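Encoded as structure tokens, the structure appears first; notes follow it.
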Amino acid sequence: MPVLVPTTLDEAITMLADAPGSMVLAGGTDAMVEVNAGHRRPVEVVAINRVAELRSWTYDGAAATVRIGAAVTYAELMEPPLAALLPALAEASRTVGSPQIRHAGTLGGNLGTCSPAGDGLPVLAALDAVVHLASARGERTMPVSEFMVGVKRTARAADELITAVTVPVLDGWQGYSKVGVRNAMVIALATACVAVDTPGRTVRIAVGSVGPTIIRCTEAEGLAAGDVDFASRTASAETVSRFGALAAASSRPIDDHRATAAYRRHAIGVLAGRLLRRAFPNE
Ligand SMILES: Cc1cc2nc3c(=O)[nH]c(=O)nc-3n(C[C@H](O)[C@H](O)[C@H](O)COP(=O)(O)OP(=O)(O)OC[C@H]3O[C@@H](n4cnc5c(N)ncnc54)[C@H](O)[C@@H]3O)c2cc1C
């Protein structure tokens, strides 16, 4: 199959417009698995990893946001200076695959695949990130919650390129946790990201691997906002326990060959409670 290698964003967009059925290839850590397994037979490939605009990121201090190019890798996300700005995304990135996968795999590819087990996605959902898409028809931007529409289904049109994600930088504790059958090279059975916005007096929680897409646990968020003390970082044992229970109740897991729904739901309760306790260490 022909492999086109654009070096500018405009070139990449034109190539996709000329052949909308092309497969976009970033790190290839999902795409090539599908091709090798015979699940995908692209007529043409547009390999984007030489497009500098997609491989870079910028921090806007005034807006308190980081715009991350779609082809930025986990290896870059997990180290300073990005890790200092977006600690939960760094933590999630460190859990992805192996060093090889983290050097090749990209955040845009995680969004493109949109697996409920994608490790970057709960963080993007908890932080209310925004996805940027571009095609020859123009550009559009949407909340990550609208971009993810189902199991491995997104709002991206065939001729669109994910160009970047804009992620708010919050003032407050944030963290990510994952349960799998072992500690590395594992598809998550349950994941959770908790992010605190101290000046805004909100606690966000998003969970993964327990529904068709990432789920925001709004009832747990409401409980935490009312019950914790943001100034002294205090939460009662009862708040932590109810937070976990409400997060578990928001999850919609299924039984499959990796784990039962009951186990996954229990795991979400444990992860959510632990993360809230780390965010609010005082009782
Ligand atoms: C051994 C192994 C271990 C893994 N472990 C983990 C893990 O622990 N956690 C995890 O979340 N994932 C894991 N993965 C999956 C994979 O590494 C991630 O989903 C990664 O983020 C994919 O990024 P990529 O750049 O390789 O994407 P690619 O494979 O290049 O692309 C993935 C999909 O997104 C599309 N795409 C990519 N970039 C764009 C773009 N800019 N615009 C539009 N469409 C685009 C592609 O067409 C394709 O459909 C693992 C994979 C392997 C092989």
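In this chain, residues are counted from 1 in sequence order. Atoms within a ligand are numbered from 1 in the order they appear, just like the ligands themselves. Since we're looking at a predicted model, the values are computed, not measured.
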Thr106 heavy atoms, cut-off 4.0 Å: which ligand 1 atoms fall inside?
20 (C), 21 (O), 23 (O), 24 (P), 25 (O)

Is any side-chain heavy atom of Asp159 closer than 4.5 Å to one of Ile13?
no

If you measure every N/O of Val24 against every N/O of ligand 1, is any gap under 3.5 Å?
yes

Could a heavy atom of Lys178 be found less than 4.0 Å from some atom of ligand 1?
yes

Evaluate the side-chain proximity of Ile68 to Tyr59: yes if any heavy-atom separation is below 4.5 Å, no if none is.
no

Between Glu34 and ligand 1, find which residue part has any heavy-atom pair under 4.0 Å and reply side chain, backbone, both or neither.
neither

Heavy atom of the protein closest to atom 19 (O) of ligand 1 (residue, atom name, distance)
Asp30 OD2, 2.6 Å

What's the shortest distance from atom 12 (N) of ligand 1 to any protein heavy atom, and which residue and atom give it?
Asn110 ND2, 4.0 Å

Of Gln100, Met185, His132, which has the heavy atom at the shortest distance from atom 1 (C) of ligand 1?
Met185

SB check Arg67 Asp60 (cutoff 4.0 Å)
no

At a 4.0 Å cut-off, with the gap strictly under it, does some heavy atom of Val186 reach an atom of ligand 1?
yes

For Leu54, which part has a heavy atom under 4.0 Å from ligand 1: side chain, backbone, both, or neither?
neither

Checking a contact table here: which protein heavy atom is nearest atom 42 (N) of ligand 1, and how many Å away?
Ile162 N, 2.8 Å

Please write down residue, atom name and distance for the protein heavy atom closest to atom 33 (C) of ligand 1.
Thr113 OG1, 3.4 Å

Among all the protein's non-hydrogen atoms, which is closest to atom 28 (P) of ligand 1, and how far away is it?
Gly28 N, 3.5 Å

Hey, is Arg277 close enough to Glu283 for a salt bridge, meaning N to O under 4.0 Å?
yes

For Asp10, all residues meeting side-chain hydrogen bond (donor to acceptor under 3.5 Å, both in side chains), sequence neighbours excluded
none

Determine, considering heavy atoms only, which of Gly105, Ala104, Ala117, Gly97 sits nearest to atom 4 (C) of ligand 1.
Gly97

Per-atom contacts, ligand 1 versus Gly27 - under 4.0 Å to a heavy atom
24 (P), 25 (O), 26 (O), 30 (O)

Does a donor on one side chain sit under 3.5 Å from an acceptor on the other, for Asp119 and Tyr74?
no

Minimum non-hydrogen distance to atom 17 (O) of ligand 1, winning option of Val96, Thr154, Thr29:
Thr29

Verify whether one side chain among Thr141 and His132 offers a donor that lies under 3.5 Å from an acceptor in the other.
yes

Going by the order shown, which atoms of ligand 1 are within less than 4.0 Å of some heavy atom of Gly118?
11 (O)

Does the side chain of Met148 reach to within under 4.5 Å of the side chain of Leu124, using non-hydrogen atoms?
no

Looking only at protein heavy atoms, what sits closest to atom 21 (O) of ligand 1 is Tyr74 OH, 2.5 Å

Any N or O on Glu160 sitting closer than 3.5 Å to an N or O of ligand 1?
no

Apply the side chain to side chain contact (heavy atoms under 4.5 Å, CB included) test between Val167 and each candidate in Leu170, Val169, Val165; give the one that qualifies.
Val165

Is Met32 close to ligand 1, meaning an N/O of one under 3.5 Å from an N/O of the other?
no

I'd like to know if the side chain of Ser236 pairs up with that of Glu238 as donor and acceptor (distance under 3.5 Å, no hydrogens or angles considered).
no

In ligand 1, which numbered atoms sit nearer than 4.0 Å to a non-hydrogen atom of Ile48?
41 (N)

Among Gly109, Ser98, Ala31, Gly112, the residue with a heavy atom nearest to atom 37 (C) of ligand 1 is Gly109

Is any side-chain heavy atom of Arg156 closer than 4.5 Å to one of Cys114?
no

From atom 11 (O) of ligand 1, work out which of Leu133, Val33, Asp119 has a heavy atom at the shortest distance.
Asp119

Nearest neighbour in protein (non-hydrogen) for atom 50 (C) of ligand 1:
Ile101 CG2, 4.1 Å

With backbone taken as N, CA, C and O and side chain as the heavy atoms from C-beta onward, which portion of Thr95 lies under 4.0 Å from ligand 1: side chain, backbone, both, or neither?
backbone

Residues Arg216, Asp128: salt bridge by 4.0 Å N-O rule
yes

Determine whether any heavy atom of Arg40 lies closer than 4.0 Å to an atom of ligand 1.
yes

Closer than 4.0 Å to some heavy atom of Leu161 - which atoms of ligand 1 meet that?
42 (N)

Can you tell me which residue and heavy atom of the protein come closest to atom 38 (N) of ligand 1, and the distance to 0.1 Å?
Ala26 CB, 3.7 Å

Can you find a heavy atom in the side chain of Trp173 that is under 4.5 Å from one in the side chain of Thr198?
no

May I ask you to list the atoms of ligand 1 that are less than 4.0 angstrom from any heavy atom of Ala70?
41 (N)

Hits for ring pair (Phe, Tyr, Trp, His ring centres under 6.0 Å) against Phe280, two or more places apart or cross-chain, chain-then-number order -> Phe230

Report the C-alpha distance between Ser115 and Thr113 in whole Å, list the side-chain angles of each, state the deciding distance to 0.1 Å, and finish with yes or no for side-chain hydrogen bond (donor to acceptor under 3.5 Å, both in side chains).
CA-CA 6 Å; Ser115 158; Thr113 297; over 6 Å; no

Salt-bridge present (Asp256, Arg264; N to O < 4.0 Å)
yes

